[in-house]
Amino acid sequence: MPSVPSAPQATAPVASAPSVPDRDARRILALTSLGVFIVFLDTTIVNVAFDTISTSFDAGITRLVWVLNAYTLVFAAFLIPAGQLADAYGRKRLFQIGLVGFALSSALCGLAPGLGVLIAARAAQGVFGAIIVPASLALLLPAFPLERRATAISTWGAMAAVATAIGPTLGALLIEYTTWRWVFLLNVPVCLLTAAWGARLLTETRGSRNGGFPDPLGVAMSAAAPALLSFAVIYGPRLGWDDPRVLATAVAGVVLIPLLILRSRRAVRPALDLSLFRIRNFQASNVATLVFSVAFFAVLLSSLLFLQNVWHYSVLKSALAVSPSALVTALVAPLAGRLAERFGYRPVFVTGALFYAAGAAALALRTGASPHWAAHWLPTLVLNGIGVGLALSTLNSAAAKALPPERFGVGTAINNSFRQLGALLGVSVFVAVLGTPTSATILGDYHRVWWVLAVIPVISAGTYLATHREPEAPEAPEAPEATG
């Protein structure tokens, strides 16, 4: 997203009382974290199910890849419109709709009689997942006073990172002992129970009193632009960057961005609130999220493939071999929030980014052709887990802190859109740098990938240091309008 001039930061008292009792605030944190965990789990849990789905439907990889891409593309495309709708029509309402819809579409995935139905149901999952994410964080923020929000958001963000990292392990276990259909059916009771809990616990909030359905054309453009760009990023390495389909979708996605900006300047209820991009720290957090996510998702994918293709681990063993990183992330992320509240966002994020860079460099330096998991691989998992726990959770907190309360939904949706774009770019970077390895070159090819991925977190740290300012006071008024 093009940058725009920085705007002055709003100020308010540093401390504030929570809008709900502390006990309920902790419950809301658990509830919303569970919602976002389910959504991000499904971004990676299906990765290990390709072989069994292929056997079940007698389908090749060209069609099977859409089981993954249908979810990723639609999820990325609908995040911003979903955040806008949550602000306009109620965060609780949209959260509940998202959970029930995700349960129904997951059931359809698990019961799909053919590949076409499965792909369509995965796209529906993407829509409802995009609804859950911004609504969940927008519900969480008012439950905590400003001085405790960084810790709460870090915990919420850790659930997304842990879900992404642990997805392949859980998927492999389900496939090993049940069938691929339980990869999807598992979501159904979890989503419905979460929705029932939310119906009792949550209070409705929404944004501006002038809220209404955002500009329909702008909504369509804000969904189409990331979808087209995501298609080009996914298929560029496979079809060739000069393929007419790749070129056409890339050009269309790029052209739509300035058209969306023009449309948003003129619409009464714009689909994209451009005023958010005049907030310096919101800009800085989104750019750093994009760059760091490239390395995060690329390292995760490259690690799984290396273990299977070089060390010849099974799918289940390779998934279990990378799972300690997710556990370290879960332990570190809440600490990151407390550190950010005490020392500021920049030192915590930069420390996390450098830990992650060190983990990627250690993979390149210490990993050989012969398996030595405990001595050579486990230390890199610890470094990477610390890095993700400190870095991504801190960026979530910093982006949210910069938002005015009436734009919590759309603002968090934009931040997560940058994260998803980083994931798509990470896959493309991995594919492009790895090239076509042979048995003679494969170890060196993976080492080259990890050296490149070690540089990317350093770039994100430098960018953040140059653009983010530690706020001397909260940047926005305290609480959104409660409506029920």
For [X] and [Y], indicate whether the former's side chain and the latter's backbone hold a donor-acceptor pair under 3.5 Å.
X      : Y      : result
Thr441 : Thr438 : yes
Gln308 : Ser303 : no
Thr329 : Gly385 : yes
Ser136 : Val133 : yes
His447 : Gly368 : no
Gln283 : Phe277 : yes
Ser285 : Phe282 : no
Ser323 : Leu320 : yes
Ser460 : Pro457 : yes

Contact check, side chains of [X] and [Y], non-hydrogen atoms, under 4.5 Å:
X      : Y      : value
Leu140 : Leu137 : yes
Leu365 : Trp451 : yes
Leu378 : Pro324 : yes
Thr151 : Arg148 : no
Val328 : Leu381 : no
Leu290 : Leu425 : yes
Leu363 : Phe306 : no
Ile386 : Val382 : yes

With respect to Val452, which candidate in Val433, Val294, Leu434 satisfies the side-chain contact (heavy atoms from CB on, under 4.5 Å) definition?
Val433

Go through it in stages, so that I can follow the logic: the residues are Leu395 and Tyr464, the test is side chain to side chain contact (heavy atoms under 4.5 Å, CB included), and I'd like the CA-CA distance, side-chain angles, deciding distance and then a yes or no.
CA-CA 10 Å; Leu395 290 176; Tyr464 199 64; 3.8 Å; yes

Would you mind checking if Arg122 and Asp42 are paired as a salt bridge, meaning a charged N to carboxylate O distance below 4.0 Å?
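Yes, this pair counts.
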
Please report the shortest heavy-atom distance between [X] and [Y], naming the atom on each side.
X      : Y      : result
Ala319 : Thr169 : O-OG1, 2.5 Å
Ala130 : Ala82  : O-CB, 3.3 Å
Thr463 : Thr467 : O-OG1, 2.8 Å
Leu465 : Arg346 : O-NH1, 3.3 Å
Pro270 : Asp215 : CA-CB, 4.4 Å
Tyr345 : His468 : CB-CE1, 3.9 Å

Give, for atom [atom1] of [X] and atom [atom2] of [Y], the distance between the pair rounded to the nearest 0.5 Å.
X      : Y      : atom1 : atom2 : value
Ile45  : Ile38  : CD1   : CD1   : 11.0 Å
Leu99  : Ile132 : CG    : CD1   : 4.5 Å
Ser318 : Leu316 : OG    : CG    : 7.5 Å
Ile131 : Leu79  : CD1   : CG    : 10.5 Å
Leu403 : Ile279 : CG    : CD1   : 6.0 Å
Leu260 : Leu274 : CG    : CG    : 7.5 Å

For residues [X] and [Y], establish whether the separation of their ring centroids is below 6.0 Å.
X      : Y      : value
Trp377 : Trp311 : yes
Tyr313 : Trp373 : no
Phe75  : Phe40  : yes
Phe37  : Trp156 : no

Given side chain to side chain contact (heavy atoms under 4.5 Å, CB included), test Val299 with Tyr356 step by step and report yes or no.
CA-CA 10 Å; Val299 167; Tyr356 204 78; 3.2 Å; yes

Side chain to side chain contact (heavy atoms under 4.5 Å, CB included), that's the test. Do Arg469 and Arg280 meet it? Break it down for me.
CA-CA 8 Å; Arg469 290 177 181 170; Arg280 179 189 179 104; 3.4 Å; yes

Using the side chain to side chain contact (heavy atoms under 4.5 Å, CB included) rule, take Tyr71 and Val46 through it: C-alpha gap first, then chi angles, then the decisive distance, then the call.
CA-CA 10 Å; Tyr71 183 86; Val46 185; over 6 Å; no

Going by the angle between their ring planes, with limits at 30° and 60°, are Phe292 and Phe296 parallel, tilted or perpendicular?
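Rings of Phe292 and Phe296: parallel, as their planes differ by under 30°.
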
Taking the six-membered ring of Phe343, is the NZ or CZ of Arg338 close enough (under 6.0 Å from the centre) and on axis enough (within 45°)?
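No - Arg338 does not lie over the ring of Phe343 by the 6.0 Å and 45° rule.
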
Please check if any side-chain donor atom of Arg91 sits under 3.5 Å from a side-chain acceptor atom of Thr205, or the reverse.
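The criterion, which ignores hydrogens and geometry beyond distance, is satisfied for Thr205 and Arg91.
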
